[in-house]
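Everything below concerns the one structure shown next.
Numbering starts at 1 and runs along the sequence shown.
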Amino acid sequence: MQTRRQAEFFWSGLLLFLSAIGLLWLIPDYIHMPQKLQNPYLSPRLWPTIIFYSFGALGLCMFIKVLLALYKEKNTGPSAVQDGVSRREMTRQSLSVLTALSCMGFSLVLIEPLGMPLSVTLCLVALLCLSGKKSSPMGVVCLLALPLCLYLFFLYVADVSIPLGILG
C-alpha cells in the first residue's frame, strides 16, 4: 500500500511540475501567437494550453487522492486489505509510462527530418508494439487513420502547411 501511495505521490508531483513548466515557461516563450488570427480555435497555443492544464488537473486529483488516503489511514488505522501490487509491478508500470513518453518525445524529434505524417505513424507503430498485443484491429485502424486525418485537417481546415519531410 505504501509503495502505491509513494508512486502516486511521485506521479502527481511530476504532473504538477510539468504543468507549471509548460504553462509558465514553454508556452509563453516558445509558441508565438500570430498578430491576426481568423479563428481562435486554430491558435497555436490552444491545444498545448489545454494539455498542460489537463496535466495540472490530473496531478492535483492524484495528489488529493493520496492526501485523502493518508487522512483515512491516520484516522482508522492501516487497512487490513492490501492492494496486492508489488514494488516490481510498480516499477514495471512506471517504466512502461516512461517508455511511452520517450517514444512520443522521439517522434517529435523525427518531425523535422521525416515529416509529421510519417513521424506520427512511426510513433503509433512503436506504441502498438509496446502494448504487447500481437494484432490489434483498433491499433491498425488508428495507425492508418490518425496521420491521414491530421494531414487532411491541417491541409483543408486549418489551411496550414505541416512539415512533410521526405514525403514532400
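- In this structure, I111 CD1 and L108 CG are separated by 5.0 Å, a value rounded to the nearest 0.5 Å.
- What you find for P117 and T121 is that their closest heavy atoms are O-OG1, 2.7 Å.
- Among all heavy-atom pairs drawn from R45 and P28, the shortest one is NH2-O, 3.5 Å.
- Taken to the nearest 0.5 Å, the SG atom of C129 stands 11.0 Å off from the CG atom of L124.
- Following chains of ILVMFWY side-chain contacts shorter than 4.5 Å, one can reach W25 starting from I27, so the two form part of one hydrophobic cluster.
- For residues 97-123, there are no salt bridge (Lys or Arg N to Asp or Glu O under 4.0 Å) pairs, not counting sequence neighbours.
- If you chain together hydrophobic residues whose side chains sit under 4.5 Å apart, L127 and L101 never meet in one group.
- Residues L148 and L144 approach most closely at CB-O, 3.7 Å, considering heavy atoms.
- Cluster membership for V141 and L128, using ILVMFWY side-chain heavy atoms within less than 4.5 angstrom, is not shared.
- A continuous path of ILVMFWY side-chain contacts below 4.5 Å connects L114 to F106, so both sit in one hydrophobic cluster.
- Side-chain contact between I31 and L26: absent, with no pair of heavy atoms (C-beta onward) separated by less than 4.5 Å.
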Name every donor-acceptor pair, under 3.5 Å, that has one atom in a side chain of residues 50-68 and the other anywhere in the protein, sequence neighbours excluded.
from : atom 1 : to  : atom 2 : distance (Å)
S54  : OG     : I50 : O      : 2.8
K65  : NZ     : E8  : OE2    : 3.1

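- Y151 and V120 fall within the same hydrophobic cluster, defined by Ile, Leu, Val, Met, Phe, Trp and Tyr side-chain heavy atoms under 4.5 Å apart, directly or through other members.
- The closest donor-acceptor contact from the side chain of S107 to the backbone of M104 lies under 3.5 Å.
- Residue V125 comes nearest to L143 through the heavy atom pair CG2-CD1, 3.3 Å, listed as atom of the first residue, atom of the second, then distance.
- Here the CG atom belonging to L15 is positioned 9.5 Å from the CZ atom belonging to F10, to the nearest 0.5 angstrom.
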